[in-house]
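Below you'll find the structure, written out as structure tokens, and then a few comments.
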Amino acid sequence: MLDPKLLRESPDIVRAAIAKKHLNVDLDAVLAIDAAWRTQLQEVEALRAKQKAANTAMAALPKGTPEFMAKVGEMKAVSGQVKEREVQLKEAEEKFRDAMLTVPNLAHASVPEGPTPEQNVVFSLHGAHDAPRPHAIPHWEIPGFDKIFDFARGAKVTGAGFPFYVADGARIVRALIQFFLDENVKAGYTEVNPPILVNAASATATSQLPDKEGQMYETVPDRLFAIPTAEVPLTNFFRDEIVEEAALPIYRCAYTPCFRREAGSYGKDVRGLNRLHQFDKVELVKWVHPTMSYIELDKLREDSERILRKLDLPYRVLLMCGGDLGFSQSKKYDLEVWSAGQKRWLEVSSCSNFEAFQARRAHIRYRAKDTGKPELVHTLNGSALAVPRVLAALLENNLEADGRVRIPAALVPYFGKEHLSFA
RNA sequence: GGAGAGAUGGCCGAGUGGUCUAAGGCGGCGGUUUGCUAAACCGCUGUAGGGGUUUAAAUCCCUACCGAGGGUUCGAAUCCCUCUCUCUCCGCCA
């Protein structure tokens, strides 16, 4: 959520920032709702002040005296009025809150202009993605692929997009998860193993609710949600809390399975390992001092990149333009790995700075040392990394003439051998 | 799942309808005293929203918050209902 005071005092700044994101928001309507709410608030508060004053006076009177009874009669009318106006105020407040939730976060000055993904800037390019790879084919066409990534049986047991990983398929997933976790811990992140079901309050704080409800699996009858990313439980760890300034920055990482209904996806995007309903991912989350969040964003991106380089995978970094930024992000980099068989880039990480936008909604603050007052932290997150797409790129880029896949040196200690077989 | 007991400020803890503006203590911050430290003494102490003043901040005024949400009442930390969580015992269980 954006700072309501910023909107009140500098609506033009907000207007310009929304234009940069190419979103359509009726700010005048939001401002009108805000003004109406504040007027009602003042009226109700004046009534309540009157009630409190009368209450103090009555406490000093002997009960049952004529003066006392007169007061009771008088305040009965006020009481009814307060109740009526409080109901209206509550409605106005909800309207105001809902209106504020339609206002997106502001794009940072360093975000490139542009309405569509075509204006994303290639920030950097690593590795020889155009090197000739004669054996490269889409990973789902590799002979034996179905044996160790068994989509058919997964569909029978659960549904499309829930594969079984078997033998070397299971082993490579486990190796990647552990490699990612170890690398992140080495980079200073504290490992966390969070709940993978969360309640509605948590899903709301990180903006999955109310709008993206249809993207999550929901349990009955407890109304718990299967997490679409570890960002949800990780970020909510400090929800409604005040941390000490000296504790910042806080770095956390977590491996979890992630669950996404992916309603509306189709075509080549969903072939093979490209897009699954259940997949494994290691996520990074940072809580930082507001003055540091852009430096921390670059460090976060670098932490994810380092892992791709250790795996010897060609990749590129995109700096997302205003129009391709999410609703709640101020700045975002995507890491895309080259998939030699499909001859396309696959997104394996998305590193974002939310500034105070997410922290305001989740009430995550730090106590400023000099003033002693609570201030909102800045939150950031990024993947390091998403397993299936890294795996897809690995299978396609490292496929050898004998039909096996060469395991990158850094991963061999985790996988336990130098080649993956489809037998 | 069953039975019982609980939830009050950073922490402990008193408070069973009206100066609660929540006692008292601990902790923390500031001060006095003081070779230093400690002790003693004095003062201060949470969060959120709104208003007013201001270049701005501080100060000031109002309101809300005693696990959450409803209700009763002129008036609720206190009475009633629902829910959540914690603890003890029983049951079940990897």
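By convention in this document, chain letters (A, B, ...) are assigned in the order of the sequence lines, proteins followed by strands, and residues within each chain are numbered from 1.
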>> Tell me whether A/Asp303 is salt-bridged to A/Arg306, with the criterion being a basic N under 4.0 Å from an acidic carboxylate O.
In response: yes
> Under 4.0 Å between a Lys/Arg side-chain N and an Asp/Glu carboxylate O for A/Lys417 and A/Asp168?
Replying inline: yes
> If you measure from the P atom in B/rA48 to the same atom in B/rU86, how many Å do you get, rounded?
Replying inline: 27 Å
> Which nucleotide of RNA chain B is the first, and which the last, in the 5' to 3' direction, to come under 4.0 Å of a heavy atom belonging to chain A?
Replying inline: B/rG18 to B/rG75
> C1' atom, B/rA68 versus B/rA77: distance in rounded Å?
Replying inline: 15 Å
> Is any NZ, NE, NH1 or NH2 atom of the basic residue among A/Lys95 and A/Asp98 found under 4.0 Å from an Asp or Glu carboxylate oxygen of the other?
Replying inline: no
> A/Phe225: what forms a ring pair (Phe, Tyr, Trp, His ring centres under 6.0 Å) with it, not counting sequence neighbours?
Replying inline: none
>> Can you classify the ring geometry of A/Phe151 versus A/Phe145 as parallel (below 30°), tilted (30 to 60°) or perpendicular (above 60°)?
In response: parallel
> Reading RNA chain B 5' to 3', what string of ( ), [ ], | and . shows its pairs, if Watson-Crick and G-U wobble pairs count only when both distances fall under 3.5 Å?
Replying inline: ((((((((.[[[..)..(.....]]]((((((.......))))))((((((........)))))).[[[[[..)....]]]]])))))))....
> Heavy-atom distance under 4.5 Å between the side chains of A/Tyr251 and A/Asn184, does that happen here?
Replying inline: no
>> If I pick the C1' atom on B/rU8 and the same atom on B/rA14, what distance separates them, to the nearest angstrom?
In response: 10 Å
> Which residues in residues 72-85 of chain A have at least one heavy atom lying under 4.0 Å from any atom of RNA chain B?
Replying inline: A/Val72, A/Met75, A/Lys76, A/Ser79, A/Lys83
> Contact class for A/Lys63 vs. all strands (heavy atom < 4.0 Å): base, sugar-phosphate, or nothing?
Replying inline: base
>> Assuming nearest nucleotide by heavy-atom distance, tell me which of A/Ala54 and A/Gln51 is located more 5' along RNA chain B.
In response: A/Ala54
> When you match A/Leu41 and A/Arg367 each to their closest nucleotide on RNA chain B, which lands nearer the 5' end?
Replying inline: A/Arg367
>> Any base atoms under 4.0 Å from A/Lys50, or only sugar-phosphate, or nothing? Heavy atoms, all strands.
In response: nothing
> Atom CG in A/Leu234, atom CD in A/Glu283: separation rounded to 0.5 Å?
Replying inline: 7.5 Å
> Is the closest basic N to carboxylate O distance between A/Glu262 and A/Arg275 below 4.0 Å?
Replying inline: yes
> Between A/Ile196, A/Val387, A/Ile177, which is the residue that forms a side chain to side chain contact (heavy atoms under 4.5 Å, CB included) with A/Pro257?
Replying inline: A/Ile196
>> Using a strict heavy-atom distance below 4.0 Å, which residues from residues 92-105 of chain A are in contact with RNA chain B?
In response: none
>> Using atom C1' in both nucleotides, what's the gap between B/rC41 and B/rG67 to the nearest angstrom?
In response: 39 Å
Identify every side-chain donor-acceptor pair in residues 54-74 of chain A under 3.5 Å, counting partners at least two apart or on other chains, and give the distances.
from	atom 1	to	atom 2	distance (Å)
A/Thr56	OG1	A/Lys52	O	3.0
A/Thr65	OG1	A/Pro62	O	3.1
A/Thr65	OG1	A/Phe68	N	3.3

>> Checking side chain to side chain contact (heavy atoms under 4.5 Å, CB included) between A/Ile172 and each of A/Leu395, A/Leu391, A/Ile148, which is the one that passes?
In response: A/Leu391
>> Parallel, tilted or perpendicular: which one describes the rings of A/Phe96 and A/Trp37, with boundaries at 30° and 60°?
In response: parallel
> When A/Phe357 is tested against each of A/Asp3, A/Leu376, A/Asn105, A/Val103 for side chain to side chain contact (heavy atoms under 4.5 Å, CB included), which residue passes?
Replying inline: A/Asn105
> If we take the P atom in both B/rG13 and B/rU32, what is their distance in whole Å?
Replying inline: 36 Å
>> Rounding to an integer number of angstrom, what distance separates B/rC81 and B/rG6 when you compare their P atoms?
In response: 15 Å
>> What's the gap between B/rU72 and B/rU16 when it is taken at their C1' atoms, as a whole Å value?
In response: 16 Å
> With side chains defined as the heavy atoms from C-beta onward, is the minimum distance between A/Tyr333 and A/Lys331 less than 4.5 Å?
Replying inline: yes
> What distance, rounded to whole Å, do you find between the two P atoms, one in B/rG51 and one in B/rA56?
Replying inline: 14 Å
